[in-house]
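Since this is a predicted model, take the numbers as computed values, not measurements. Letters A, B, ... mirror the listed sequences (proteins, then strands); counts begin at 1. Only this structure's heavy atoms are used, side chains among them; waters, hydrogens and symmetry mates stay out.
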Amino acid sequence: MLGGIALRRVLVTAALPYTNSDLHLGHAFSTYIPADIFSRFCRLNGWDVVFVCGSDEHGTPISVAAREAGRTPLEHADYFRRRQIEDLEKLGISFDNYHRTHSEENKELTEEFLLKLRKNGYIYKKKVKLFYCETDKVYLPDRMIKGRCPYCGAEDQYSDACEVCGRTIEPGMILEPYCILCRSPPSTRSEEHFIFKLSAFSNRLLEWLESKSDEDFSRDVVNYVVQWIKSGLQDWDITREDYWGFKLPYEDAKGNQYVYVWFDAPIGYIASTVNWSKKTGQDWRNYWMGDCLIAHFIGKDIIYHHLLFWPAMLMGVGGYTLPGKYVVNGYLTLEGRKMSKSRRWFVPLKRVLDKFPADYIRFYLASKASNNVSDNDFSWLEFMSKINGDLVDNIGNFAHRVLTFIFRWFDRRVPAPGDMDEQDNEFTSSFMRIIEEVEKEYEKCDFLQVIKRIVEAFKRANSYFTAKAPWEAVKKDRKNGSDAATSLYICINFLYSTAICLYPIIPSSMERLFEMMNVRPESWNSAKRFSIAAGHLINEPKPLFRKISEDEVKAEIKALEDGLIT
RNA sequence: AGCGGGGUGGGGUAGUCAGGAGAUCCCGCGGGGCUCAUAACCCCGAGAUUGCGUGUAGGCGCCUCGACCGGUGGUUCAAAUCCACCCCCCGCUACCA
């Protein structure tokens with residue numbers, strides 16, 4: 001079973017949104033929807049699960065953007081934090097706690113990490129050369145310096161890599177460097193920095209990674225980082241000058257030296273759990289220091305931070321449980337093209353959530369999220385066709401035909417079944433089998449397969465319903481034990497079971513369905529038996545989903561093409 | 001440049017780790033059925049797959065007997081699946097989070 005954890009205790013984290021912009025469909029796809037579905041699935045199973053997240057608020061991009069917007073970095077972070085929370089709530093992401101990295105808890109933990117790592121001999125000091133912009137009064141990281149490529153001579157390339165010839169540019173090699181803020185040439189300064197001895201963990205990381213099952217650590221991802229380790233890990237500079245973040249807790253640090261954002265960001269997961277502890281009276285150590293499956297949900301861009309830097313930090317400090325499961329999804333392209341803010345080729349969550357039910361977005365994106373690093377495409381026309389075909393016509397319509405049938409022909413009461421014939425037995429055992437399969441796919445976080453199998457089950461159900469033709473049988477005999485009664489009894493139980501299966505993916509729609517069925521979703525296991533008894537009274541059914549019109553999606557495509565997305 | 005992931009009927013996708021009759025599902029297309037249901041649903045079919053000649057077509061004739069999951073070659077009784085090389089697409093590359 002899942003991660004071999006006996007206690008069935010799970011801590012789920014979703015990558016912390018960086019507070020310098022609004023969230024878009026890509027974020028929802030790669031991280032928040034998968035993490036939320038998994039958390040809900042764990043809760044249905046009755047496991048002890050805590051789902052934490054929070055905003056990631058430090059770093060140069062935020063201080064620079066804040067200055068441009070005439071705000072302090074904290075005000076800037078606050079602004080986007082609020083907007084992100086709005087979107088995540090609207091999307092139905094069920095965090096148990098949403099905290100922030102610029103918090104007391106995170107400050108304490110970060111300091112503790114830094115002090116312990118230093119005490120354990122994993123932090124050392126080293127002189128490094130830095131670019132400094134005299135005009136803007138900031139130290140410039142690689143990405144804030146552009147210049148001419150020393151290899152192919154291409155202009156306007158970032159100082160760490162040339163997009164034209166594809167080569168990596170070593171620090172300081174860039175020709176005619178300039179600051180991207182003011183275009184003036186930077187000066188160089190030499191500072192003493194604190195360095196985390198990442199290289200010391202190479203072997204331990206390798207052993208740890210290679211000891212994991214494919215189920216919890218997908219092979220693609222492990223190969224990817226193993227390659228990285230084998231080519232030689234470099235130590236990690238965790239100091240920044242004149243920065244927006246936490247001060248270094250070392251006595252020998254200078255007053256303007258701060259902690260690099262990527263050091264305190266993952267600690268934010270723990271900080272959020274600590275903050276949750278304070279609210280609930282639970283002990284966060286049960287999750288971070290005990291027998292618990294820690295599951296990180298991330299996009300493929302931050303694999304290194306989560307599979308190398310972060311576990312190395314935990315190993316170096318000692319006493320913490322290491323991550324036990326990673327779910328990594330690739331990027332989302334949009335209509336076949338890479339998303340880009342500057343080219344206005346993206347879809348903000350605010351916009352879609354304004355126009356379509358969150359469950360539509362969840363369903364469509366989940367149908368592509370298969371715990372896999374390869375990219376997936378978001379296409380408005382495909383979105384429409386999946387929603388209309390799978391969700392409305394197949395699933396929604398089946399629910400409606402079963403419920404209205406019981407409501408009208410059996411006076412709202414689930415009829416008592418008679419003897420089951422071969423068709424009844426075959427259909428029943430096929431959907432029980434599908435539920436077992438769905439359970440396995442949920443544990444793997446392969447939601448593509450989950451949805452595929454459920455859609456298939458509904459197709460079978462529609463076929464079964466047509467074959468049994470209860471509308472004919474009912475004309476002859478509509479009492480309990482009749483042929484029609486048997487079919488409907490089986491169908492409403494199928495509906496309950498599959499609604500449980502879909503509950504983590506489209507929770508609010510399934511809430512409405514449960515309400516119509518007049519039941520509460522009990523547990524995952526309740527899907528594996530006939531949970532709705534004969535005689536049970538149902539409520540009046542109403543259509544669960546509405547169709548999307550072609551005009552609606554064409555309008556979205558047009559808005560994109562006209563560059564109207566902001 | 002290196003590394004990673006792909007290339008499967010008209011479009012989109014599954015299957016590749018554990019080789020077994022050329023293949024899943026969705027959309028679209030052709031035909032039929034049903035009327036309980038949100039103009040929904042069900043069933044059947046065509047389409048990936050074949051050289052040359054000929055007929056309006058069903059077809060017929062001929063031969064060096066041809067085709068099959070990007071291409072070529074290999075391993076195998078058997079390859080979409082394993083191996084090698086090649087072509088094309090996409091992504092990532094630590095101090096941009």
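Rounding to the nearest 0.5 angstrom, the gap separating the NZ atom in A:K300 from the CG atom in A:N329 is 10.5 Å.
By the 4.5 Å heavy-atom criterion applied to side chains, A:N539 and A:E515 are counted as neighbours.
In this structure, the side-chain hydrogen bond (donor to acceptor under 3.5 Å, both in side chains) partners of A:S272, at least two apart in sequence or on a different chain, are A:N97.
Comparing A:L448 and A:P543 by the nucleotide of RNA chain B whose heavy atom lies nearest to each, the residue mapping closer to the 5' end is A:L448. Each of A:K300 and A:F309 has a nearest nucleotide on RNA chain B; the 5'-most of these lies closest to A:K300.
A donor atom on one side chain and an acceptor atom on the other are not found under 3.5 Å apart for A:N388 and A:D393. Side-chain atoms of A:D235 and A:Y124 form a donor-acceptor pair, as typed in the model, at a separation below 3.5 Å.
By the 5.5 Å and 30° criteria, A:F405 is not stacked with the base of B:C36.
Between B:A40 and A:K547, a contact under 4.0 Å exists linking OP1 or OP2 to a side-chain N or O. Using a 4.0 Å cut-off, no side-chain N or O of A:H305 falls inside it from OP1 or OP2 of B:C92. OP1 or OP2 of B:C26 has at least one side-chain nitrogen or oxygen of A:K459 nearer than 4.0 Å. Using a 4.0 Å cut-off, no side-chain N or O of A:R460 falls inside it from OP1 or OP2 of B:C42. Phosphate proximity of B:C95 to A:Y260: present, with a side-chain N or O under 4.0 Å from OP1 or OP2. Contact check, A:S463 against B:C43: a side-chain N or O comes under 4.0 Å of OP1 or OP2.
Here, B:A23 and B:A48 have their P atoms 13 Å apart, quoted to the whole Å.
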Secondary-structure notation, RNA chain B, from Watson-Crick and G-U pairs under 3.5 angstrom (| other strand) | ((((((((.[[[..)....(....]]].(((((.......))))).....((((....))))(..)...[[[[[..)....]]]]])))))))....
